[in-house]
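Here is the structure we will look at, set down as structure tokens.
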Amino acid sequence: MMNKRYFITGIGTEVGKTVVSAALVDYLGTAYWKPIQSGDLQASDSMRIRALCTSEPTIFPEQYQLKHPASPHDASEREGIQISLTDFSMPNQTAALLVEGAGGLFVPINSEEFMIDLMDQLGLPAILVCRDYLGCINHTLLSIAALVHKGIQLAFVVFNGAFEPATQRVIESHLPAGTDAIYIPEIKEINKMNLSTAVGQIKIVEHTNGAFRK
Ligand SMILES: Nc1ncnc2c1ncn2[C@@H]1O[C@H](COP(=O)(O)OP(=O)(O)OP(=O)(O)O)[C@@H](O)[C@H]1O
Ligand SMILES: C[C@H](N)[C@@H](CCCCCC(=O)O)NC(=O)O
Ligand SMILES: [Mg+2]
């Protein structure tokens, strides 16, 4: 993992992007940035990273903190705020950074633009977090197709938590060449100690010669 600047997205909201970010911030020794937070302002993703990480990472302030726990296009409109792609630029003080999106790739940030457009503008390779639920195969393969279509490099797919073997297998066998897999265990109770144990159990498997090897 030479390049340590990534955009962490997910196959949807609540799939574990923040839990995975906390684990990878500690594993890789990166800083963290959540450009748009909507909802949970008293327990924001940045605050959870602060609470879960052992490495005391640099956390860059959110560009937008929206009160409403909804899609950013909706939350911002309710607050009379207009989000625009041109509002965002990468914090350049650090070589190693994880940027966490809100929800998945086609979450709108305004009436025309989507989270995937922000990823494209920031120019970072993506990490796609998936979690096992009925429907996750479709959400994962659609997300991969959207990234490929947009020409965004997919560095890693994260299998977050426990997976049904048949689900894991079919996703692994459809990873694009050049996309590696990261495995993060199911964590019983999410707290700093258990997160640190999970960091010790992270597994990374490389995709080589167009085939996924285990
Ligand atoms: N590896 C894991 N083991 C056990 N539970 C997990 C794991 N990852 C995530 N969860 C559960 O899923 C919940 C949602 O995770 P998280 O807040 O990281 O999602 P998210 O994708 O960041 O959501 P958002 O779109 O709001 O940013 C967590 O509070 C936790 O309960
Ligand atoms: C409210 C959520 N927790 C999240 C926004 C999720 C938007 C999902 C929209 C959708 O896909 O329908 N906010 C955030 O990550 O700050
Ligand atoms: Mg999150």
Side-chain angles (χ1 to χ4, degrees), residues 6-27 32-53 57 59-79 81 83 88 98-111 113-119 126-133 135-136 138-140 142-143 146 156-164 167-168 181-203:
Y6 299 100
F7 194 110
I8 298 224
T9 187
I11 63 171
T13 187
E14 289 283 303
V15 295
K17 294 184 301 296
T18 304
V19 170
V20 167
S21 294
L24 293 181
V25 160
D26 273 355
Y27 186 83
Y32 173 85
W33 182 37
K34 172 101 176 175
I36 306 174
Q37 173 77 42
S38 60
D40 295 314
L41 296 186
Q42 307 311 312
S44 68
D45 286 3
S46 294
M47 291 173 189
R48 292 166 61 213
I49 295 289
R50 168 79 57 231
L52 289 173
C53 289
I59 298 176
F60 294 98
E62 298 88 344
Q63 195 100 24
Y64 290 101
Q65 291 184 311
L66 307 166
K67 294 189 195 76
H68 206 72
S71 172
H73 83 288
D74 181 10
S76 59
E77 197 179 310
R78 286 167 194 260
E79 291 178 39
I81 293 166
I83 302 179
F88 301 91
L98 292 187
V99 182
E100 182 187 336
L105 293 167
F106 276 87
V107 166
I109 61 170
N110 56 40
S111 55
E113 294 164 325
F114 299 91
M115 204 48 77
I116 194 170
D117 299 314
L118 175 58
M119 296 172 69
I127 297 179
L128 177 70
V129 176
C130 63
R131 188 140 170 82
D132 194 1
Y133 55 85
C136 78
N138 178 53
H139 292 164
T140 303
L142 281 173
S143 298
F156 298 97
V157 165
V158 179
F159 293 87
N160 181 32
F163 271 74
E164 192 62 47
T167 299
Q168 185 172 315
I182 298 179
Y183 302 87
I184 293 190
E186 192 69 32
I187 303 168
K188 276 217 170 66
E189 190 194 333
I190 313 277
N191 58 39
K192 192 172 191 162
M193 208 180 75
N194 292 346
L195 198 276
S196 149
T197 305
V199 170
Q201 296 167 344
I202 287 177
K203 259 192 11 181

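These numbers come from a predicted model, not from an experiment. For ligands, and for the atoms within them, numbers begin at 1 and follow the listed sequence.
Listed by number with element, the atoms of ligand 2 under 4.0 angstrom from any heavy atom of Ala70 are 1 (C), 5 (C). Close approach to Pro69 involves these atoms of ligand 2, each under 4.0 Å from a residue heavy atom: 1 (C). If you number the atoms of ligand 2 from 1 as listed, the ones under 4.0 Å from a heavy atom of Val107 come out as 8 (C), 9 (C), 11 (O). Close approach of ligand 2 to Ala102 (heavy-atom distance below 4.0 Å) involves ligand atoms 14 (C), 15 (O).
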Just do the salt bridge (charged side-chain N to carboxylate O under 4.0 Å, His left out) check on Glu62 and Lys34 with the steps written out, would you? CA-CA 6 Å; Glu62 298 88 344; Lys34 172 101 176 175; over 6 Å; no
Can you list the steps and then say if Val99 with Phe60 is a side chain to side chain contact (heavy atoms under 4.5 Å, CB included)? CA-CA 10 Å; Val99 182; Phe60 294 98; over 6 Å; no
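For a threshold of 3.5 Å applied to N or O pairs, the pair formed by Ser38 and ligand 2 contains at least one separation below that value. When only interatomic distances are considered, the shortest N/O to N/O separation between Ser71 and ligand 2 does not fall below 3.5 Å.
With rounding to the nearest 0.5 angstrom, the CD atom of Glu79 is 9.0 Å from the NE2 atom of His68. To the nearest 0.5 Å, atoms CE (Met47) and CD (Gln42) are separated by 6.0 Å. The line from CZ of Arg78 to NE2 of His73 is 9.0 Å long, rounded to the nearest 0.5 Å. Separation of atoms CG (Asn160) and CD1 (Ile187) is listed at 7.0 Å; rounding is to 0.5 Å. One finds the CG atom of Asp132 at 9.5 Å from the CD atom of Glu186 (value rounded to the nearest 0.5 Å).
The protein atom (non-hydrogen) at minimum distance from atom 15 (O) of ligand 2 is Lys34 NZ, 2.8 Å. Looking from atom 2 (C) of ligand 2 to the surrounding protein, the closest heavy atom is Thr13 OG1, 3.7 Å.
Residue contacts with ligand 2 for Pro72 are absent, since no atom lies close enough (heavy atoms, distance under 4.0 Å). Counting heavy atoms under 4.0 Å from ligand 2, residue Glu14 does not touch it at all.
The protein does not reach atom 12 (O) of ligand 2 closely, with no heavy atom under 4.0 angstrom from it.
Taking the six-membered ring where tryptophan is involved, the planes of Tyr133 and His139 are tilted, since the angle between them lies from 30° to 60°.
Within 4.0 Å of ligand 1, the residues that place a heavy atom are Thr13, Glu14, Val15, Gly16, Lys17, Thr18, Val19, Lys34, Asp45, Arg48, Glu100, Gly103, Arg131, Asn160, Pro185, Glu186, Ile187, Ile190, listed by chain and number.
In this structure, Ser71 and Val107 approach most closely via the heavy-atom pair OG-CG1, 3.9 Å. Closest approach of Gly161 and Phe163 over heavy atoms only: O-CD1, 3.3 Å. When every heavy atom of Thr167 is checked against every heavy atom of Cys136, the shortest pair comes out as CG2-SG, 3.6 Å.
Side-chain contact check for Leu118 versus Met115: some heavy-atom pair is nearer than 4.5 Å.
Around the Mg ion (ligand 3), the angle linking Glu100 (OE2) with Asp45 (OD2) is 90°, rounded to 10 degrees.
For residue Thr13, no N/O/S atom approaches the Mg ion (ligand 3) to within less than 2.8 Å.
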